[in-house]
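Along the sequence shown, residues carry numbers from 1. Small disclaimer: the values here were computed from a predicted structure and weren't measured.
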Amino acid sequence: RDQVDRLDAVLGHDAVVDAATAEKITRYLTENAGDTGGQRYGRKLLKGISPENAPLRITELPRWVREHREVSAAEWKKKEVGSKANCTACHADAERGYYEDD
């Protein structure tokens with residue numbers, strides 16, 4: 001819930017939505033969070049991380065950093081990649097929760 005409440009600070013502009021939309025977003029994020037138990041890859045990423053010390057971005061998790069350490073800075077800057085958060089740029093099945101090297 002904290003993340004939704006702080007979206008304006010994260011995005012850098014007003015992120016106010018109506019109450020019904022805010023509830024839908026909050027429910028989706030809560031039900032699909034990596035620590036909810038149903039997320040196979042999320043459990044792997046969060047292993048050894050306490051909820052109190054979990055980073056706000058997946059790209060800051062120790063396992064993510066370790067698995068992507070060989071990706072050069074030039075790769076991240078490519079137009080088709082755009083950012084470290086664009087998983088589908090390198091992992092074709094990321095939307096389905098599969099992140100094996102392609």
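Annotation: the span from Leu56 atom CG to Leu61 atom CG amounts to 10.0 Å, rounded to 0.5 Å. Atoms OG and NZ, from Ser72 and Lys77 in turn, are 9.5 Å apart once rounded to the nearest 0.5 Å.
When all heavy atoms are compared, the tightest approach of Ala89 to Glu80 is CB-O, 3.7 Å.
Take Thr21 and apply the side-chain hydrogen bond (donor to acceptor under 3.5 Å, both in side chains) test, not counting sequence neighbours, and it matches Asp18. Listed by chain and residue number, His68, Glu75, Trp76 satisfy the side-chain contact (heavy atoms from CB on, under 4.5 Å) test with Val71 (two or more places apart in sequence, or in another chain). For Lys24, the side-chain contact (heavy atoms from CB on, under 4.5 Å) criterion is met by Arg27, not counting sequence neighbours. For Ser83, there are no side-chain hydrogen bond (donor to acceptor under 3.5 Å, both in side chains) partners, not counting sequence neighbours. Not counting sequence neighbours, the partners of Asn53 by the side-chain contact (heavy atoms from CB on, under 4.5 Å) test are Ser50.
You'll find the side chain of Lys84 reaches within 4.5 Å of the side chain of Trp64, heavy atoms only. Proximity of Thr88 to Glu95: side-chain heavy atoms (C-beta onward) are separated by under 4.5 Å at one or more points.
In this structure, the side chain of Arg69 engages the main chain of Arg66 through a donor-acceptor pair within 3.5 Å.
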